[in-house]
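Notes to accompany the following structure.
What you see below is based on every heavy atom in this structure, not just the backbone, and it leaves out hydrogens, waters and symmetry mates. Note that the coordinates shown come from a computational prediction; the quantities given were computed from them, not determined experimentally.
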Amino acid sequence: MIIDLHTHSAVSDGTQPPADVVRRAHDAGVGVLALTDHDTVAGHAEAARALPPGMTLVRGMELSCRLGGHSVHLLAYLFDAGEPRLAAERERIRDDRAHRARGMVRRLGELGAPVTWERVARITGDSVPGRPHIARALVEAGVVATVEDAFTPEWIGAGGRAYVDRYALDPVRAVRLVRAAGGVPVLAHPRAGRRGYGVPDEAIAGLAGAGLAGVETDHPDHAPADRAALRALASDLNLFVTGASDDHGELTGHRLGCETTAPEAYEALCAQATGAAPDVR
């Protein structure tokens, strides 16, 4: 069975609606799919309704965190979406994303880039605005050739001319919030070097002490040597390892199922969850 535990829909920064993500995953042979949009659970109901017979949905999200001034992402699975403390943090992060996006659009205008908030809002639709939406607006406006070209110091890359910082959780606090909501926290792509930062081993050990359950090891942005090192570290820390596509639709080349989680790791994840159960059709 193909188990893909990290995907995105148009509810955050993917390019397809949740139902389309489910259908594409099924066509790709995925049997267990986690929908993990950024800081929101808004796509779960639509994804669950779209499940074909024999397919399982794991409700999750990717929480925005910050460690030592660097962005860190935490995957949260099978938590109680109504738990008030975690729900309040989701809302605060989402609200700040909107303020941040408007701030970056203002800075782009000051730099002479013909990107308007109306253009970004059209691309964003009903989802929460983020840098990928602004990057797509820069492509549409002819400022850059590709979305990747927008994520540079010249434009909206971390510390770039139009970059605006935003609210994010301390990862230790995020792990504890997810656990308190009955969920299972897994560190996302900790060695994704192209993102400009790798989470140090000692930081991962600290998160394990706070209740981290697993580490996303098999990810498209992880080199073979980093995968091996993460597996060894996870074994030392008694963490399970996961694999996932981190698919964003057109933005990542429709790669659902390109990286997978072993069945025993998926079983370990489900065994730790008390906040919710997978949706099974």
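- Arg281 has its side chain out of reach of Met55: every pair of non-hydrogen atoms, C-beta onward, lies at least 4.5 Å apart.
- One finds the OH atom of Tyr163 at 13.5 Å from the OG1 atom of Thr152 (value rounded to the nearest 0.5 Å).
- Side-chain contact check for Asp246 versus Thr252: every heavy-atom pair is 4.5 Å or farther apart.
- The distance from the OG1 atom of Thr40 to the CG atom of Leu35 is 9.0 Å, given to the nearest 0.5 Å.
- Rounding to the nearest 0.5 Å places CZ of Arg90 at 5.0 Å from CE of Met61.
- Note: His73 and His38 have perpendicular aromatic rings, judged against thresholds of 30 and 60 degrees for the angle between ring planes.
- Shortest non-hydrogen contact noted between Ala25 and Leu256 is N-CD1, 3.6 Å.
- In this structure, Thr36 and Leu5 have side chains that are not in contact, with every pair of non-hydrogen atoms separated by 4.5 Å or more.
- Proximity of His248 to Pro132: side-chain heavy atoms (C-beta onward) are nowhere separated by under 4.5 Å.
- In terms of heavy-atom proximity, Ala98 sits nearest to Trp117 at O-CH2, 4.3 Å.
- With hydrogens and angles disregarded, no donor-acceptor distance shorter than 3.5 Å links the side chain of His219 to the backbone of Ala244.
- In the model, Thr7 has no side-chain atom that pairs as donor or acceptor with a side-chain atom of Asp247 under 3.5 Å.
- Side-chain contact between Val22 and Pro52 is present, with at least one heavy-atom pair separated by less than 4.5 Å.
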side-chain contact (heavy atoms from CB on, under 4.5 Å) evaluation trace for Val172 with Arg176
CA-CA 6 Å; Val172 168; Arg176 290 172 176 161; 3.6 Å; yes
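- Among Val21, Val58, Thr56, the one residue that satisfies the side chain to side chain contact (heavy atoms under 4.5 Å, CB included) test with Leu33 is Val21.
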Salt bridge (Lys or Arg N to Asp or Glu O under 4.0 Å) evaluation trace for Arg23 with Asp20
CA-CA 5 Å; Arg23 284 190 284 269; Asp20 287 354; 2.4 Å; yes
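- Under a 4.0 Å N-O distance rule, the pair Arg122/Glu140 qualifies as a salt bridge.
- Side-chain contact between Thr261 and Asp4 is absent, with no heavy-atom pair separated by less than 4.5 Å.
- Arg161 places a side-chain N or O within donor-acceptor distance of the main-chain N or O of Glu154, the cut-off being under 3.5 Å.
- When every heavy atom of Gly211 is checked against every heavy atom of Arg179, the shortest pair comes out as O-NE, 2.7 Å.
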Could you go through Asp221 and His189, starting from their C-alpha distance and side-chain angles, then the distance that decides it, and tell me whether this counts as side-chain contact (heavy atoms from CB on, under 4.5 Å)?
CA-CA 7 Å; Asp221 293 343; His189 45 65; 5.7 Å; no
Derivation and outcome, side-chain contact (heavy atoms from CB on, under 4.5 Å), residues Leu251 and Val147
CA-CA 8 Å; Leu251 293 179; Val147 166; 3.8 Å; yes
Show your reasoning for whether salt bridge (Lys or Arg N to Asp or Glu O under 4.0 Å) applies to Asp279 and Arg49.
CA-CA 10 Å; Asp279 293 82; Arg49 290 193 298 269; over 6 Å; no
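- Rounding to the nearest 0.5 Å gives a distance of 8.0 Å between CD1 of Ile3 and CD of Glu267.
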Could you go through Arg92 and Asp39, starting from their C-alpha distance and side-chain angles, then the distance that decides it, and tell me whether this counts as salt bridge (Lys or Arg N to Asp or Glu O under 4.0 Å)?
CA-CA 9 Å; Arg92 181 176 178 184; Asp39 308 306; over 6 Å; no
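- The heavy-atom pair separating Cys258 from Pro220 by the smallest distance is SG-CG, 3.9 Å.
- You'll find the side chain of Glu89 reaches within 4.5 Å of the side chain of Tyr167, heavy atoms only.
- Counting only N and O atoms by type, the side chains of Glu62 and His8 include a donor and acceptor under 3.5 Å apart.
- Of the inter-residue distances, the one linking His133 atom NE2 with Thr15 atom OG1 reads 9.5 Å to the nearest 0.5 angstrom.
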side-chain contact (heavy atoms from CB on, under 4.5 Å), that's the test. Do Glu46 and Val11 meet it? Break it down for me.
CA-CA 10 Å; Glu46 179 183 332; Val11 168; 5.7 Å; no
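- Taking all atoms of both residues into account, the shortest heavy-atom contact from Val120 to Val105 is CG2-CG2, 3.8 Å.
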How far apart are the C-alpha atoms of Glu259 and Arg227, what are their side-chain angles, what is the distance that settles it, and do they pass the salt bridge (Lys or Arg N to Asp or Glu O under 4.0 Å) test?
CA-CA 12 Å; Glu259 303 278 4; Arg227 297 181 190 217; 2.7 Å; yes
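- Counting only heavy atoms from C-beta outward, the side chains of Tyr77 and Arg59 never approach each other to under 4.5 Å.
- Put simply, the side chain of Arg166 never gets that close to the backbone of Asp96: no donor and acceptor are under 3.5 Å apart.
- Follow the hydrophobic side-chain contacts under 4.5 Å out from Phe151 and you reach Val164 in the same cluster.
- For the atom pair OG1 of Thr260 and CE of Met1, the computed distance is 12.0 Å after rounding to the nearest 0.5 Å.
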